[in-house]
Amino acid sequence: MPELPEVEIARRNLQRWLAGARIAAVERVDQARFEGDPQSLLGHVCFGWERRGKVLLGRFSGGVGVLSHLGMTGKWVRDDGGRRAHVRVRLTTDGGPRVALVDVRRFGRTWVGNVDALQRLAQWTRLGPDALMGALDGPLLASRVGPRKTPLKRRLLDQSVVAGLGNIAVVEVCWRASVHPHAPCTDIAPAAWVRLAAAIRAHLDFVLEVEDGDEITYLGERAASNPFVVYGRARQPCPRCAEALVGESLSGRPSVWCPSCQPS
DNA sequence: TACATTGTTCCGTC
DNA sequence: CGACGGAACAATGT
């Protein structure tokens, strides 16, 4: 699923493919899940792409912008002209490659319009500090989460607390930091917050490195491999202590943890 | 066919 | 009233 690293890779790709290029044609293949008219990009030059959490923002000449949330299965790909299912919109540039938004489940959403207006949307403004932000250390993370009894997992999944972590990231981060995903936030010691902040950085850097490229195969797609340390590996031995990993739904989402390294 | 899957939001409870 | 947490919602492949 597209979480922060996958969205960051999409940002780099869009930057490389589109920055400096003029949009020569917009082909909207599907009506659903768009707000604003993609045709308003026509004739405009792409200045660049930024990212906050899992949200992409493209800036174009004339004050036009694109806000893109990939949802569960969305991805931006280079369109080589071959047949491809689930294309929602296709952008043709003068000089650069053609680029397409592909989204099987259609949980992704795309807004096109005045870039200042897009930046005032809740989807952009409600986001907490980006999880890749250098200053995200233990104390800052603890203060963002706040003194709640709520399970850690639920708070880390809240994009207004820290932006960019999804279910997979939270499972991986909790394992790396040796903290139970359902630990009440008020029970987490300062040293554990430091480990959690470091684990967020380590996990994101790891996934960025492993998945960097023109197109990511999401877990669950055909021919997908699992690059994660514990996610999707219930009942397998813990890589740290060899105890069998436990898989169970926590906060309504599939979780994996080690009952020995991450005691509740 | 029913279900799994996600981020987000709603709503009931304490 | 704020904190909390279960559940609904979107859409579609298996």
Side-chain angles (χ1 to χ4, degrees), chain A residues 1-10 28-35 51-57 67-76 83-89 101-111 118 120-131 142-174 180-188 200 203-204 207 211 216-226 228 231-234 247-256 264:
Chain A
M1 319 305 147
E3 300 186 358
L4 187 150
E6 293 81 5
V7 179
E8 172 59 18
I9 291 165
R28 189 167 168 180
V29 183
D30 192 279
Q31 294 298 312
R33 305 259 90 186
F34 275 91
E35 290 182 26
R51 178 193 60 76
R52 269 175 79 172
K54 305 173 195 171
V55 181
L56 287 164
L57 178 69
L67 202 73
S68 171
H69 191 300
L70 297 174
M72 183 170 150
T73 56
K75 50 170 83 175
W76 286 94
R83 192 174 287 112
R84 185 189 267 280
H86 312 301
V87 170
R88 305 303 170 196
V89 73
L101 174 64
V102 175
D103 187 0
V104 177
R105 286 283 186 271
R106 299 203 231 202
F107 285 6
R109 296 187 72 187
T110 308
W111 295 258
L118 294 182
R120 286 193 290 270
L121 291 175
Q123 280 77 11
W124 188 259
T125 61
R126 265 191 216 154
L127 297 173
D130 191 85
S143 76
R144 295 295 308 171
V145 166
R148 313 280 196 97
K149 289 182 189 169
T150 309
L152 175 65
K153 177 171 185 178
R154 196 178 169 110
R155 293 296 285 161
L156 292 183
L157 285 173
D158 186 330
Q159 303 297 298
S160 69
V161 172
V162 172
L165 303 179
N167 185 57
I168 294 173
V170 171
V171 166
E172 296 286 294
V173 162
C174 288
H180 194 284
H182 257 200
C185 294
T186 44
D187 289 0
I188 297 173
I200 288 171
H203 165 76
L204 295 177
V207 180
E211 296 189 340
I216 300 165
T217 303
Y218 297 143
L219 222 52
E221 288 186 284
R222 224 155 30 103
S225 64
N226 179 0
F228 303 110
Y231 184 84
R233 304 193 190 281
E248 197 179 304
S249 181
L250 296 183
S251 294
R253 293 292 179 259
S255 301
V256 179
S264 49

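A, B, ... follow the sequence lines: proteins, then strands. Residue 1 opens every chain. Basis for what follows: all heavy atoms, side chains included, without hydrogens, waters or symmetry-related copies.
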Nearest-Å distance, [atom1] ([X]) to [atom2] ([N])?
{"X": "Leu157(A)", "N": "dT9(B)", "atom1": "CG", "atom2": "P", "value": "14 Å"}
{"X": "Met72(A)", "N": "dC9(C)", "atom1": "CE", "atom2": "P", "value": "17 Å"}
{"X": "Leu70(A)", "N": "dA10(C)", "atom1": "CG", "atom2": "C1'", "value": "16 Å"}
{"X": "Leu156(A)", "N": "dC4(C)", "atom1": "CG", "atom2": "P", "value": "14 Å"}
{"X": "Trp124(A)", "N": "dT8(B)", "atom1": "CH2", "atom2": "C1'", "value": "18 Å"}
{"X": "Asn167(A)", "N": "dT8(B)", "atom1": "CG", "atom2": "P", "value": "13 Å"}
{"X": "Leu152(A)", "N": "dC4(C)", "atom1": "CG", "atom2": "C1'", "value": "15 Å"}
{"X": "Leu250(A)", "N": "dT5(B)", "atom1": "CG", "atom2": "P", "value": "14 Å"}

From the list [options], which nucleotide is the closest neighbour of the side chain of [X]?
{"X": "Arg154(A)", "options": "dC10(B), dT5(B), dT8(B)", "result": "dC10(B)"}
{"X": "Arg105(A)", "options": "dG7(B), dG5(C), dT5(B)", "result": "dT5(B)"}
{"X": "Met1(A)", "options": "dT8(B), dA11(C), dT6(B)", "result": "dT6(B)"}

Exercise for the section: Would you classify Arg126(A) as touching base, sugar-phosphate or nothing, given that sugar-phosphate means primed atoms plus P, OP1 and OP2, and contacts are heavy atoms under 4.0 Å? Expected result: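 Sugar-phosphate contact only - Arg126(A) comes under 4.0 Å of backbone atoms but never of a base.
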Practice task
Assign Pro2(A) to base, sugar-phosphate, or nothing according to its heavy-atom contacts below 4.0 angstrom with the strands shown.
Solution key: nothing
So, taking the atom named [atom1] in [X] and the one named [atom2] in [Y], what distance separates them when rounded to the nearest 0.5 Å?
{"X": "Tyr218(A)", "Y": "Ile168(A)", "atom1": "OH", "atom2": "CD1", "result": "10.5 Å"}
{"X": "His86(A)", "Y": "Lys75(A)", "atom1": "NE2", "atom2": "NZ", "result": "10.5 Å"}
{"X": "Ile216(A)", "Y": "Trp76(A)", "atom1": "CD1", "atom2": "CH2", "result": "14.5 Å"}

Practice task
Spell out yes or no: do the side chain of Arg253(A) and the base of dG7(B) have one donor N/O and one acceptor N/O closer than 3.5 Å?
Solution key: yes
Exercise for the section: Please lay out, stage by stage, how Arg51(A) and Asp130(A) fare under the test salt bridge (Lys or Arg N to Asp or Glu O under 4.0 Å). Expected result: CA-CA 9 Å; Arg51(A) 178 193 60 76; Asp130(A) 191 85; 2.7 Å; yes
Exercise for the section: Would you check if Phe107(A) stacks with the base of dA10(C), given a 5.5 Å centroid limit and a 30° plane limit, both strict? Expected result: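 Phe107(A) vs dA10(C): stacking yes.
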Quick check on [N]: is either OP1 or OP2 less than 4.0 Å from any side-chain nitrogen or oxygen of [X]?
{"X": "Lys149(A)", "N": "dA3(C)", "result": "no"}
{"X": "Arg148(A)", "N": "dC4(C)", "result": "yes"}
{"X": "His69(A)", "N": "dT8(B)", "result": "yes"}

Handout entry: Test item: side-chain donor near acceptor, His182(A) and Ser255(A), under 3.5 Å
Key = no
Completion exercise
Sorted by position of nearest nucleotide on DNA chain B, 5' first, the leading residue of Gly252(A) and Ala122(A) is Gly252(A)
